[in-house]
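The next block holds one structure in the form of C-alpha coordinates; read it before the comments.
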Amino acid sequence: MKKHVIAAALMAMTAVAAQADTLAKVKSAGAITMGVRDSSGALSYTLGDGKYAGFHVEICQRIIANVEKAVGQKLEVKYQSVTSQNRIPLVQNGTVDIECGSTTNNAARQKDVSFVNTTYVEEVRIAARANSGITSIANLAGKNVATTTGTTSVQLLRKHERANGVDFKEIFGKDHADSFLLLESGRADAFVMDGSILAGNIANSKNPADFRIVGEVLAVEPIAIMVRKDDAAFKKVADDTIAALVKSGEMNKLWDKWFLQPIPPKNVKIGLALSESTKAAWANLNDKPAEDYAKK
(Lines give C-alpha, C1' and ligand atoms only; values in the text may rest on other atoms or scores of the structure.)
Protein backbone atom coordinates (compact mmCIF):
# COMPACT_ATOMS: atom_id res chain seq x y z
CA MET A 1 0.00 0.00 0.00
CA LYS A 2 2.81 2.40 0.92
CA LYS A 3 4.50 1.79 -2.43
CA HIS A 4 1.28 2.69 -4.23
CA VAL A 5 0.92 5.88 -2.19
CA ILE A 6 4.52 6.88 -2.86
CA ALA A 7 4.15 6.14 -6.58
CA ALA A 8 0.96 8.23 -6.76
CA ALA A 9 2.67 11.10 -4.96
CA LEU A 10 5.63 10.97 -7.32
CA MET A 11 3.30 10.97 -10.33
CA ALA A 12 1.48 14.01 -8.96
CA MET A 13 4.76 15.83 -8.37
CA THR A 14 5.91 15.00 -11.89
CA ALA A 15 2.62 16.31 -13.33
CA VAL A 16 3.01 19.60 -11.46
CA ALA A 17 6.62 19.93 -12.64
CA ALA A 18 5.59 19.21 -16.22
CA GLN A 19 2.89 21.85 -16.09
CA ALA A 20 5.46 24.42 -14.97
CA ASP A 21 7.36 23.83 -18.24
CA THR A 22 4.73 25.25 -20.57
CA LEU A 23 7.00 25.23 -23.63
CA ALA A 24 7.55 21.48 -23.26
CA LYS A 25 3.86 20.93 -22.52
CA VAL A 26 2.56 22.72 -25.62
CA LYS A 27 5.24 21.19 -27.85
CA SER A 28 4.28 17.70 -26.71
CA ALA A 29 0.56 18.41 -27.14
CA GLY A 30 0.97 20.32 -30.40
CA ALA A 31 -1.53 22.79 -28.98
CA ILE A 32 -1.76 25.77 -26.63
CA THR A 33 -4.85 26.89 -24.73
CA MET A 34 -5.63 30.58 -24.36
CA GLY A 35 -7.93 31.63 -21.52
CA VAL A 36 -10.33 34.32 -22.74
CA ARG A 37 -13.24 36.32 -21.35
CA ASP A 38 -16.71 36.68 -22.82
CA SER A 39 -17.26 40.32 -21.82
CA SER A 40 -14.09 42.05 -20.58
CA GLY A 41 -14.58 45.19 -22.64
CA ALA A 42 -12.13 45.63 -25.50
CA LEU A 43 -9.50 43.60 -23.66
CA SER A 44 -11.11 40.22 -24.31
CA TYR A 45 -14.61 39.38 -25.55
CA THR A 46 -16.57 36.86 -27.57
CA LEU A 47 -17.61 37.28 -31.18
CA GLY A 48 -19.77 34.16 -30.96
CA ASP A 49 -19.23 30.75 -32.54
CA GLY A 50 -16.15 30.12 -30.39
CA LYS A 51 -14.30 33.19 -31.69
CA TYR A 52 -12.70 35.80 -29.46
CA ALA A 53 -11.14 39.22 -29.99
CA GLY A 54 -9.65 42.14 -28.09
CA PHE A 55 -6.48 43.97 -27.12
CA HIS A 56 -5.19 41.21 -24.82
CA VAL A 57 -6.37 38.46 -27.15
CA GLU A 58 -4.31 39.94 -29.98
CA ILE A 59 -1.26 40.44 -27.75
CA CYS A 60 -1.55 36.78 -26.74
CA GLN A 61 -1.75 35.78 -30.40
CA ARG A 62 1.55 37.64 -30.95
CA ILE A 63 3.05 35.83 -27.94
CA ILE A 64 1.89 32.46 -29.26
CA ALA A 65 3.52 33.19 -32.62
CA ASN A 66 6.82 33.54 -30.74
CA VAL A 67 6.10 30.43 -28.66
CA GLU A 68 5.80 28.55 -31.96
CA LYS A 69 9.25 29.83 -32.94
CA ALA A 70 10.63 28.78 -29.56
CA VAL A 71 9.30 25.21 -29.83
CA GLY A 72 9.98 24.95 -33.56
CA GLN A 73 6.49 23.97 -34.66
CA LYS A 74 3.02 25.27 -35.47
CA LEU A 75 0.56 24.93 -32.60
CA GLU A 76 -3.19 24.49 -32.59
CA VAL A 77 -4.64 27.43 -30.64
CA LYS A 78 -7.56 26.50 -28.43
CA TYR A 79 -9.81 29.02 -26.70
CA GLN A 80 -11.14 28.39 -23.19
CA SER A 81 -13.69 30.82 -21.78
CA VAL A 82 -12.83 31.62 -18.16
CA THR A 83 -14.54 33.62 -15.41
CA SER A 84 -13.27 35.77 -12.56
CA GLN A 85 -13.80 32.80 -10.25
CA ASN A 86 -12.06 30.01 -12.17
CA ARG A 87 -9.31 31.77 -14.17
CA ILE A 88 -6.53 31.26 -11.59
CA PRO A 89 -7.29 27.56 -10.84
CA LEU A 90 -7.46 26.81 -14.59
CA VAL A 91 -4.00 28.33 -15.10
CA GLN A 92 -2.64 26.47 -12.09
CA ASN A 93 -3.96 23.05 -13.10
CA GLY A 94 -2.78 23.28 -16.70
CA THR A 95 -6.18 23.62 -18.38
CA VAL A 96 -5.21 27.11 -19.58
CA ASP A 97 -1.64 27.90 -20.66
CA ILE A 98 -1.94 31.68 -20.95
CA GLU A 99 -4.83 33.79 -19.64
CA CYS A 100 -5.66 36.79 -21.82
CA GLY A 101 -8.50 38.55 -20.03
CA SER A 102 -8.65 41.44 -17.58
CA THR A 103 -6.85 40.20 -14.47
CA THR A 104 -5.44 42.57 -11.87
CA ASN A 105 -1.88 41.71 -10.89
CA ASN A 106 -1.78 41.80 -7.09
CA ALA A 107 0.40 40.37 -4.34
CA ALA A 108 -2.12 37.71 -3.27
CA ARG A 109 -2.47 36.36 -6.81
CA GLN A 110 1.30 36.36 -7.32
CA LYS A 111 1.46 33.59 -4.71
CA ASP A 112 -0.48 31.34 -7.09
CA VAL A 113 0.44 32.49 -10.61
CA SER A 114 2.86 34.73 -12.48
CA PHE A 115 2.05 37.78 -14.55
CA VAL A 116 3.59 38.92 -17.80
CA ASN A 117 4.82 42.52 -17.78
CA THR A 118 1.95 44.99 -17.49
CA THR A 119 0.21 45.90 -20.72
CA TYR A 120 -2.63 48.02 -19.35
CA VAL A 121 -3.13 50.14 -16.24
CA GLU A 122 -6.76 50.36 -15.23
CA GLU A 123 -8.84 52.86 -13.31
CA VAL A 124 -11.66 51.32 -11.28
CA ARG A 125 -14.79 53.46 -11.64
CA ILE A 126 -18.58 53.51 -11.19
CA ALA A 127 -21.15 53.21 -13.99
CA ALA A 128 -24.71 54.43 -13.47
CA ARG A 129 -27.73 55.50 -15.47
CA ALA A 130 -27.31 59.03 -16.81
CA ASN A 131 -30.55 60.13 -15.15
CA SER A 132 -29.90 58.42 -11.80
CA GLY A 133 -28.43 61.40 -10.01
CA ILE A 134 -25.43 59.27 -9.01
CA THR A 135 -22.24 61.29 -9.46
CA SER A 136 -20.04 60.12 -6.58
CA ILE A 137 -19.54 57.45 -3.94
CA ALA A 138 -21.69 59.43 -1.48
CA ASN A 139 -24.71 58.94 -3.74
CA LEU A 140 -24.48 55.15 -3.36
CA ALA A 141 -25.96 55.20 0.16
CA GLY A 142 -28.93 52.84 0.28
CA LYS A 143 -28.34 51.72 -3.32
CA ASN A 144 -27.79 48.32 -4.92
CA VAL A 145 -24.26 48.13 -6.31
CA ALA A 146 -23.37 45.40 -8.81
CA THR A 147 -20.00 43.78 -9.25
CA THR A 148 -18.71 40.55 -10.73
CA THR A 149 -18.08 37.53 -8.52
CA GLY A 150 -14.35 36.94 -8.00
CA THR A 151 -13.23 40.52 -8.67
CA THR A 152 -11.70 43.12 -6.34
CA SER A 153 -13.76 46.16 -7.35
CA VAL A 154 -16.28 46.50 -4.51
CA GLN A 155 -13.55 45.74 -1.97
CA LEU A 156 -11.77 48.78 -3.36
CA LEU A 157 -14.96 50.83 -3.15
CA ARG A 158 -15.45 49.92 0.50
CA LYS A 159 -11.85 50.83 1.32
CA HIS A 160 -12.01 54.22 -0.40
CA GLU A 161 -11.75 57.11 2.04
CA ARG A 162 -14.95 58.68 0.71
CA ALA A 163 -16.91 55.46 1.29
CA ASN A 164 -16.76 55.93 5.07
CA GLY A 165 -20.32 55.76 6.38
CA VAL A 166 -21.81 54.96 2.97
CA ASP A 167 -24.02 51.88 3.35
CA PHE A 168 -24.97 50.07 0.14
CA LYS A 169 -26.05 46.56 -0.83
CA GLU A 170 -23.72 44.50 -2.99
CA ILE A 171 -25.22 42.22 -5.65
CA PHE A 172 -23.24 39.88 -7.87
CA GLY A 173 -23.17 39.05 -11.56
CA LYS A 174 -21.58 35.79 -12.66
CA ASP A 175 -19.60 37.65 -15.34
CA HIS A 176 -19.23 41.25 -16.51
CA ALA A 177 -22.09 41.04 -19.00
CA ASP A 178 -24.36 39.71 -16.24
CA SER A 179 -23.28 42.52 -13.90
CA PHE A 180 -24.02 45.14 -16.56
CA LEU A 181 -27.42 43.52 -17.16
CA LEU A 182 -28.18 44.07 -13.46
CA LEU A 183 -27.60 47.79 -14.07
CA GLU A 184 -29.37 47.84 -17.43
CA SER A 185 -32.46 46.08 -16.05
CA GLY A 186 -32.70 48.33 -12.99
CA ARG A 187 -31.89 45.63 -10.46
CA ALA A 188 -28.69 47.54 -9.65
CA ASP A 189 -28.26 51.29 -9.32
CA ALA A 190 -24.55 51.19 -10.12
CA PHE A 191 -21.89 48.82 -11.46
CA VAL A 192 -18.36 49.07 -10.05
CA MET A 193 -15.60 47.69 -12.28
CA ASP A 194 -12.56 48.49 -14.39
CA GLY A 195 -13.22 51.55 -16.54
CA SER A 196 -12.45 49.73 -19.81
CA ILE A 197 -14.98 47.01 -18.99
CA LEU A 198 -17.61 49.60 -18.08
CA ALA A 199 -16.92 51.54 -21.29
CA GLY A 200 -17.05 48.40 -23.39
CA ASN A 201 -20.36 47.23 -21.96
CA ILE A 202 -21.90 50.70 -22.29
CA ALA A 203 -20.73 50.99 -25.90
CA ASN A 204 -22.32 47.65 -26.75
CA SER A 205 -25.59 48.25 -24.87
CA LYS A 206 -28.93 48.90 -26.57
CA ASN A 207 -28.87 52.59 -25.59
CA PRO A 208 -25.32 53.75 -24.72
CA ALA A 209 -26.50 57.32 -24.03
CA ASP A 210 -28.51 56.01 -21.06
CA PHE A 211 -25.34 55.27 -19.07
CA ARG A 212 -22.22 57.08 -17.96
CA ILE A 213 -19.07 56.50 -15.95
CA VAL A 214 -19.07 58.71 -12.87
CA GLY A 215 -17.40 59.54 -9.59
CA GLU A 216 -13.99 59.19 -8.11
CA VAL A 217 -11.26 56.88 -9.37
CA LEU A 218 -11.40 54.07 -6.82
CA ALA A 219 -8.03 52.56 -7.63
CA VAL A 220 -5.32 52.37 -10.25
CA GLU A 221 -4.40 48.77 -11.01
CA PRO A 222 -2.00 46.97 -13.34
CA ILE A 223 -3.84 44.54 -15.63
CA ALA A 224 -1.71 41.76 -17.08
CA ILE A 225 -1.68 38.49 -18.95
CA MET A 226 -1.40 35.52 -16.59
CA VAL A 227 0.82 32.42 -16.83
CA ARG A 228 1.83 29.58 -14.53
CA LYS A 229 4.11 30.31 -11.61
CA ASP A 230 7.83 29.50 -11.73
CA ASP A 231 7.96 29.09 -15.50
CA ALA A 232 10.72 31.53 -16.38
CA ALA A 233 11.25 30.31 -19.95
CA PHE A 234 7.60 30.77 -20.98
CA LYS A 235 7.30 34.11 -19.19
CA LYS A 236 10.44 35.33 -20.96
CA VAL A 237 8.93 34.61 -24.40
CA ALA A 238 5.84 36.59 -23.37
CA ASP A 239 7.80 39.48 -21.83
CA ASP A 240 10.12 39.69 -24.84
CA THR A 241 7.12 39.80 -27.17
CA ILE A 242 5.60 42.72 -25.27
CA ALA A 243 8.93 44.55 -25.19
CA ALA A 244 9.23 44.18 -28.97
CA LEU A 245 5.66 45.45 -29.49
CA VAL A 246 6.40 48.52 -27.38
CA LYS A 247 9.76 49.23 -29.03
CA SER A 248 8.37 48.95 -32.56
CA GLY A 249 5.39 51.19 -31.83
CA GLU A 250 3.04 48.30 -32.58
CA MET A 251 1.60 48.43 -29.07
CA ASN A 252 0.34 51.97 -29.72
CA LYS A 253 -1.24 50.78 -32.96
CA LEU A 254 -2.97 47.94 -31.12
CA TRP A 255 -4.34 50.41 -28.58
CA ASP A 256 -5.68 52.61 -31.37
CA LYS A 257 -7.23 49.59 -33.09
CA TRP A 258 -9.09 48.28 -30.04
CA PHE A 259 -9.91 51.39 -28.02
CA LEU A 260 -10.19 54.27 -30.49
CA GLN A 261 -11.49 52.68 -33.69
CA PRO A 262 -14.78 50.84 -34.37
CA ILE A 263 -14.46 47.20 -33.32
CA PRO A 264 -16.46 44.10 -34.23
CA PRO A 265 -19.10 42.81 -34.07
CA LYS A 266 -21.17 46.02 -33.83
CA ASN A 267 -18.48 48.40 -35.13
CA VAL A 268 -18.75 50.68 -32.08
CA LYS A 269 -15.95 52.78 -30.61
CA ILE A 270 -14.96 52.28 -26.97
CA GLY A 271 -13.37 55.74 -27.04
CA LEU A 272 -10.82 55.17 -24.29
CA ALA A 273 -7.69 57.30 -24.67
CA LEU A 274 -4.30 55.90 -23.71
CA SER A 275 -3.69 56.96 -20.10
CA GLU A 276 -0.50 58.39 -18.69
CA SER A 277 -0.35 55.43 -16.28
CA THR A 278 -0.36 52.92 -19.15
CA LYS A 279 2.22 54.96 -21.06
CA ALA A 280 4.44 54.88 -17.97
CA ALA A 281 4.04 51.09 -17.66
CA TRP A 282 5.14 50.63 -21.28
CA ALA A 283 8.10 52.99 -20.81
CA ASN A 284 9.26 51.00 -17.79
CA LEU A 285 8.09 47.42 -18.37
CA ASN A 286 7.60 45.49 -15.13
CA ASP A 287 5.36 42.96 -13.39
CA LYS A 288 4.86 44.90 -10.15
CA PRO A 289 1.60 44.17 -8.27
CA ALA A 290 -1.20 46.63 -7.54
CA GLU A 291 0.13 47.21 -4.04
CA ASP A 292 3.15 48.99 -5.52
CA TYR A 293 0.85 51.36 -7.38
CA ALA A 294 -1.08 52.11 -4.19
CA LYS A 295 2.12 53.33 -2.52
CA LYS A 296 2.38 56.29 -4.89
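Note that the numbering runs from 1 along the sequence shown for the chain.
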Close side-chain approach of Lys174 to Thr83, heavy-atom, < 4.5 Å: no
Carboxylate-amine/guanidinium proximity below 4.0 Å for Arg158 and Glu170: yes
Got a salt bridge between Asp97 and Arg228, using NZ or NE/NH1/NH2 to carboxylate O under 4.0 Å? yes
Using only heavy-atom distances, determine whether the side chains of Thr104 and Glu221 contain a donor-acceptor pair under 3.5 Å. yes
Between Phe180 and Phe211, does a ring pair (Phe, Tyr, Trp, His ring centres under 6.0 Å) hold up when you go through it step by step? CA-CA 11 Å; Phe180 186 77; Phe211 306 94; 5.1 Å; yes
Name all pairs fulfilling the disulfide (SG to SG under 2.5 Å) condition that reach into residues 74-144, sequence neighbours left out, sorted by first residue then second. Cys60-Cys100
Lys/Arg N to Asp/Glu carboxylate O, Glu184 vs Lys206, below 4.0 Å: no
Is Asp167 atom CG crowded by more than 12 heavy atoms from other residues, nucleotides or ligands, each under 6.0 Å away? no
Are Asp112 and Lys229 close enough for a salt bridge, meaning some N to O gap below 4.0 Å? no
Within-4.5 Å side-chain heavy-atom neighbours: Tyr52 and Tyr45: no
Is Ile223 close to Thr119 at the side-chain level, that is, under 4.5 Å between some pair of heavy atoms? no
Parallel, tilted or perpendicular: which one describes the rings of Phe259 and Tyr120, with boundaries at 30° and 60°? parallel
Grab the two heavy atoms, one from Arg129 and one from Leu183, that are nearest each other, plus how far apart they are. NE-O, 3.9 Å
Going by an N to O cut-off under 4.0 Å, is there a salt bridge joining Glu216 and Arg125? no
Flag the pair Lys235 and Asp231 as a salt bridge only when some basic side-chain nitrogen lies within less than 4.0 angstrom of an acidic carboxylate oxygen. no
Could you report the tightest heavy-atom contact between Ile213 and Gly195, atom names first, then the distance? CD1-O, 3.9 Å
Rounded to the nearest 0.5 Å, how far apart are CG of Asn66 and OG1 of Thr241? 3.5 Å
Approximate separation, where rounding is to 0.5 Å, of Glu291 CD and Asn105 CG: 8.5 Å
